[in-house]
Amino acid sequence: MIHKLSVLAVSAALAASLAAPMSAFAKDGVYTASAVGRNGSINVQVTIKNDAIADVKIVDWSETHPVADLTKTKLIPDIIKYQSVDVDAISGATLSSFAIKQAVGECIEKAGLSLSKFEKAVPQKAALTDTKTLDADVVIIGAGGAGLSAAVTAAEAGKKVIVLEKNGFAGGNTSVCGGCFNSANIHQSHIKMTEGQRKIVEGILAEKPKSDLHKELIAKVSKQWKDYNAKKETVLFDSPEFHALQTWKSGDYKADLSLVYTLTQNTGNVMKQLEKIGFVWRDKATQFVGALWPRSNRAANFKSGVGYIDTFLAYIKEKNLPVTIELSTKANELIVKNGRVVGVKAQAIGGDEKGRKYVVNAKKGVILATGGFGANVEMRNAYDELWDKKLGKTTPTTNLPSATGDGIDMAKKVDANLVQMGWIQLFPAGDPQTGATSFKLGENSCIYVNRDGKRYVNESERRDVLAKANLAQKDGLFFVISSAKRALIDKDGRNAYGVKVEDILASGKSYKADTLEELAKKAGINAANLVETVKKWNEFCKKGTGDEMGRPTCMDDHRLDEGGPYYATLMTPSVHHTMGGVQINTKAQVINKSGKVIPGLYAAGEVTGGIHGTNRVGCNAVPDALVFGHIAAENLVK
Ligand code: ADP
């Protein structure tokens with residue numbers, strides 16, 4: 001059961017009784033106004049009756065689901081209940097909240113009412129001080145991808161599950177990420193193997209083994225490659241073993257290879273399980289930015305990572321699984337008895353139970369699924385070993401504000417070993433203001449140009465290579481270039497993340513023009529160079545070899561040879577993923593500083609370390625969270 005999002009039904013009588021006295025000039029009616037939220041304009045409609053706010057509706061918006069949903073189910077009812085625009089903003093959705101409040105204020109003024117009468121301070125409820133005890137078989141901290149994957153697995157095994165989630169909604173960063181999911185040998189039949197890709201396979205097979213498992217994987221892939229060539233295959237080569245080798249290499253061989261292989265062996269199963277519970281996969285894999293191989297899968301029925309979350313939540317509800325998600329409830333401490341983790345201390349930080357403390361007993365064990373620390377400026381600069389401690393407040397992040405590394409702190413206190421904490425990933429192409437990945441037209445791996453109109457990197461490279469190259473451009477800014485045919489704009493005029501294209505263009509961060517010359521002029525790019533750059537790119541796409549930056553393939557979504565209009569989106573790298581964290585074994589059990597398993601404690605997802613090494617491969621994060629969430633629950637319920 002999911003609760004604590006109780007929406008207060010508000011009667012017109014109550015609204016009227018709280019309203020300001022009748023104004024001589026005010027008119028009953030329906031008024032509209034719009035203000036800019038996080039992703040674009042929010043159009044609001046306000047019904048004024050007897051000098052009071054009788055109703056507020058959002059007519060149109062591009063705000064992020066589920067992060068901004070509480071503005072509809074909490075903020076707006078509060079505005080009506082208290083007849084005030086001075087209600088509390090929704091944490092994590094402040095830009096959306098302020099835009100709604102501003103637009104409602106404008107409607108009030110349009111109706112001829114005095115705004116000051118609708119700016120009354122809202123009474124604050126006294127915080128609760130009691131402590132409540134809850135009991136479950138499995139307690140999971142964090143309702144993101146890892147947490148919900150674990151919750152479904154444990155509940156399907158008949159266990160009673162309590163999930164503690166500090167946000168007022170479930171989803172975590174998983175719900176706001178691009179949602180791509182690497183898995184070998186699926187949805188790849190449309191992809192032809194190129195000469196550049198053959199060289200990549202051969203390069204990996206020519207490596208000197210660095211461990212027994214490395215040797216074993218090279219031997220397996222060598223055999224697969226031999227068979228592939230004997231059959232004169234032309235479709236893309238791939239396998240879980242090759243995925244593991246590429247992943248390990250791309251993290252500079254620093255990850256625990258047994259964890260990497262566990263990940264790549266289990267992605268296919270998790271994809272199948274998701275499909276069984278209602279997730280619909282697109283039937284064509286692509287190569288997302290930093291993914292290194294065309295094995296990135298995405299939802300057909302969702303625009304971002306929220307698809308995994310909504311699918312898990314819907315399934316829990318539909319099957320009436322024994323899962324309770326305690327929202328706005330922050331876990332603070334792991335309870336240890338006789339060396340075993342047996343529960344969690346938590347506190348409600350919002351909602352009707354704000355202030356109440358919880359002792360949550362876990363009969364079988366606790367799973368830490370609290371995500372990373374990308375939004376914790378102090379922590380990321382304290383641990384950073386890759387970016388010269390320059391990940392300060394001005395560096396944007398793709399993360400929700402809740403990614404503060406709480407799980408790392410809790411685990412540290414029970415002697416968990418932390419590994420590879422210094423390696424933090426910057427997403428190469430984020431929005432310069434908000435850091436978000438959602439504000440662009442075209443794929444993240446379309447060609448990048450600087451203001452000089454020149455490319456400067458192979459855009460299918462590792463993410464750390466891309467981020468460094470992008471930061472080296474003037475002010476760390478660059479443009480992603482795409483054409484209208486390849487900009488992934490849907491029939492409703494929204495981009496791949498559901499944001500309205502007209503809002504993106506109005507923001508001044510993306511430009512559109514019929515010709516490249518015009519585009520360059522609008523965006524402030526050297527026109528002659530841009531034309532030349534695109535000409536060379538198109539030649540490469542036609543021939544399939546000889547890219548000036550060494551790309552092994554011109555993917556379909558990156559073509560620019562079909563004419564305009566064209567788009568240029570201004571981007572900068574933003575903090576994305578913290579690769580380090582709590583050490584686990586292949587059963588997702590947490591390891592202590594002496595190398596021993598901590599009984600009763602499991603961890604999954606971004607809170608863990610050792611799965612990615614120095615650089616996380618694009619589209620390996622959601623599989624990491626979902627696979628290890630599943631493995632943690634599977635082992636815990638045994
Ligand atoms: P992952 O991809 O590893 O699942 P996410 O970021 O998707 O990571 O999910 C992590 C979730 O954990 C987020 O929803 C976040 O709000 C939640 N969380 C983080 N710290 C705490 C805490 N102390 N108590 C409860 N929930 C937490």
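Note that the numbering runs from 1 along the sequence shown for the chain.
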(message) If only side-chain N and O atoms count, and only distance matters, is there a donor-acceptor pair under 3.5 Å linking Asn361 with Lys363?
(response) no

(request) Any chance you could lay out the side chain to side chain contact (heavy atoms under 4.5 Å, CB included) test for Met579 and Gln420, step after step, and finish with the verdict? (result) CA-CA 7 Å; Met579 270 85 73; Gln420 312 190 339; 5.9 Å; no

(message) Regarding Asn269 and His630, do their side chains bring together a donor and an acceptor under 3.5 Å, going by distance alone?
(response) no

(request) Please round to the nearest 0.5 Å and tell me the distance separating atom OG1 of Thr94 and atom CG of Asp88. (result) 12.5 Å

(message) Under a 3.5 Å cutoff, is there a donor and acceptor pairing between the side chains of Glu207 and Tyr253?
(response) yes

(request) Start with the C-alpha gap between Leu164 and Lys330, add the side-chain angles, then the distance that decides, and say whether side chain to side chain contact (heavy atoms under 4.5 Å, CB included) holds. (result) CA-CA 7 Å; Leu164 304 169; Lys330 182 170 180 282; over 6 Å; no

(message) List the residues meeting salt bridge (charged side-chain N to carboxylate O under 4.0 Å, His left out) with Lys303, not counting sequence neighbours, and say none if there are none.
(response) Asp490

(request) Compare all side-chain heavy atoms of Glu216 with those of His214 and state whether any distance is below 4.5 angstrom. (result) no

(message) For a quick check under 3.5 Å, do His187 and Asp283 share a side-chain donor-acceptor pair by atom type?
(response) no

Without placing hydrogens or testing angles, list every side-chain donor-acceptor pair under 3.5 Å for residues 336-347, not counting sequence neighbours.
{"unit_1": "Arg340", "atom_1": "NH2", "unit_2": "Lys364", "atom_2": "O", "d": "3.2"}
{"unit_1": "Gln347", "atom_1": "NE2", "unit_2": "Gly355", "atom_2": "O", "d": "2.7"}

(message) What I want to check is whether the side chains of Ser250 and Asn615 have a donor and an acceptor closer together than 3.5 Å.
(response) yes

(message) Is it true that Thr578 and Glu606 share a donor-acceptor pair across their side chains at a distance under 3.5 Å?
(response) yes

(message) Taking disulfide (SG to SG under 2.5 Å) as the definition, give me every residue that meets it alongside Cys619, ordered by chain and number, with sequence neighbours left out.
(response) Cys180

(message) How long is the straight-line distance from OG1 of Thr264 back to CG of Leu259, given to the nearest 0.5 Å?
(response) 11.0 Å

(message) Whether the side chain of Ser222 engages the backbone of Leu205 through a donor-acceptor N/O pair (distance < 3.5 Å, no angle test) should be reported.
(response) no

(request) Check the pair Lys413 / Asp409 against salt bridge (Lys or Arg N to Asp or Glu O under 4.0 Å), numbers first and verdict last. (result) CA-CA 7 Å; Lys413 288 188 187 130; Asp409 284 342; 6.0 Å; no

(message) Can you confirm whether the side chains of Asn185 and Ser239 place a donor and an acceptor under 3.5 Å from each other?
(response) no

(request) I would like to know whether Glu156 and Tyr315 meet side chain to side chain donor-acceptor pair (under 3.5 Å); could you show each step before the answer? (result) CA-CA 11 Å; Glu156 284 204 303; Tyr315 184 68; 2.3 Å; yes

(request) Side-chain contact test, heavy atoms from C-beta onward, threshold under 4.5 Å: evaluate it for Cys177 versus Val622 and give yes or no. (result) yes

(request) Evaluate the criterion side chain to side chain contact (heavy atoms under 4.5 Å, CB included) for residue pair Phe628 and Tyr602; output intermediate values, then yes/no. (result) CA-CA 10 Å; Phe628 282 100; Tyr602 293 72; over 6 Å; no

(message) With a 3.5 Å distance limit and no angle check, can you tell me whether Lys125 reaches the backbone of Asp352 through a side-chain donor-acceptor pair?
(response) yes

(message) Please tell me whether Lys166 and Thr404 have a donor and an acceptor in their side chains that are separated by less than 3.5 angstrom.
(response) yes

(request) Apply salt bridge (charged side-chain N to carboxylate O under 4.0 Å, His left out) to Asp212 and list each qualifying residue two or more places apart in sequence or on a separate chain. (result) none

(message) Could you tell me if Lys210 sits above the aromatic ring of Trp248, with its cationic atom closer than 6.0 Å to the ring centre and no more than 45 degrees from the axis?
(response) no

(request) Using a 4.5 Å cut-off on heavy atoms from C-beta on, say whether the side chain of Ile277 contacts that of Phe312. (result) yes

(message) Using modelled atom types and a 3.5 Å cut-off, is there a donor and acceptor pairing between side-chain atoms of Lys160 and backbone atoms of Asp135?
(response) yes

(request) Could you tell me whether the side chain of Val176 reaches within less than 4.5 Å of the side chain of Val306, counting heavy atoms only? (result) no

(request) Can you sort out the partners of Phe373 under ring pair (Phe, Tyr, Trp, His ring centres under 6.0 Å), two or more places apart, ordered by chain and number? (result) Tyr383

(message) Between Trp281 and Met271 (side chain of the first, backbone of the second, donor and acceptor by atom type, cut-off under 3.5 Å), is there such a pair?
(response) yes

(message) So does Thr397 get a backbone contact from the side chain of Ser574, meaning a donor-acceptor N/O pair under 3.5 Å?
(response) no

(message) Testing His612, Gln246, Arg295 one by one against Asn620 for a side-chain contact (heavy atoms from CB on, under 4.5 Å), which residue passes?
(response) His612

(request) Could you check if a side-chain atom of Glu385 sits within less than 4.5 angstrom of a side-chain atom of Ile424, using non-hydrogen atoms only? (result) no

(request) Ignoring hydrogens and angles, tell me if any N or O in the side chain of Ser149 forms a donor-acceptor pair with the backbone of Ala146 under 3.5 Å. (result) no

(message) If you apply the rule side chain to side chain donor-acceptor pair (under 3.5 Å), what do you find for Asp406 with Thr370, and how did you get there?
(response) CA-CA 7 Å; Asp406 304 6; Thr370 45; over 6 Å; no

(request) Check whether the side chains of Arg462 and Gln425 place a donor and an acceptor atom closer than 3.5 Å, and report yes or no. (result) no

(request) Please name the pair of heavy atoms, one in Gln287 and one in Ser445, separated by the smallest distance, quoted to 0.1 Å. (result) O-OG, 3.7 Å

(request) Would you list the pairs meeting disulfide (SG to SG under 2.5 Å) in which at least one residue belongs to residues 316-352, sequence neighbours left out? (result) none

(request) Report yes if the side chains of Lys132 and Arg356 come closer than 4.5 Å at any heavy-atom pair, otherwise no. (result) yes

(request) Give a yes or no on whether the backbone of Thr586 and the side-chain of Thr262 come within a donor-acceptor separation of less than 3.5 Å. (result) no

(message) Looking at Glu63 and Arg38, would you say the former's side chain and the latter's main chain have a donor-acceptor pair under 3.5 Å?
(response) yes

(request) For the residue pair Ile591 and Val597, establish whether any side-chain heavy-atom pair is separated by less than 4.5 Å. (result) yes

(request) Could you tell me whether the side chains of Asn297 and Ser183 share a donor-acceptor contact shorter than 3.5 Å? (result) no

(request) Report yes if some heavy atom in the side chain of Glu275 is under 4.5 Å from a heavy atom in the side chain of Val280; otherwise report no. (result) no

(message) Would you say Glu634 and Thr153 are linked by a side-chain donor-acceptor pair, where the criterion is simply a distance under 3.5 Å?
(response) no

(request) Give the C-alpha distance, both sets of side-chain angles, the deciding distance and a yes or no for salt bridge (Lys or Arg N to Asp or Glu O under 4.0 Å) between Lys389 and Asp384. (result) CA-CA 6 Å; Lys389 312 262 177 215; Asp384 167 47; 5.6 Å; no

(request) Check Ser175, Ser91, Ser402 against Asn167 for a side-chain hydrogen bond (donor to acceptor under 3.5 Å, both in side chains) and give me the one that passes. (result) Ser402

(message) Distance alone, cut at 3.5 Å: any donor-acceptor contact between the side chains of Asn635 and Gln589?
(response) no

(message) Is it the case that the side chain of Asn173 and the backbone of Leu400 share a donor-acceptor pair, with hydrogens and angles ignored and the cut-off at 3.5 Å?
(response) yes

(request) Please check if any side-chain donor atom of Thr267 sits under 3.5 Å from a side-chain acceptor atom of Asn182, or the reverse. (result) no

(message) Using side chain to side chain contact (heavy atoms under 4.5 Å, CB included), reason through Val221 and Ile204 one step at a time and then give a plain yes or no.
(response) CA-CA 9 Å; Val221 177; Ile204 281 201; 5.8 Å; no

(message) Rounded at 0.5 Å granularity, tell me how far OG1 in Thr311 sits from CG in Leu313.
(response) 9.0 Å

(message) Between Glu326 (side chain only) and Val163 (backbone N and O only), is there a donor and an acceptor less than 3.5 Å apart?
(response) no

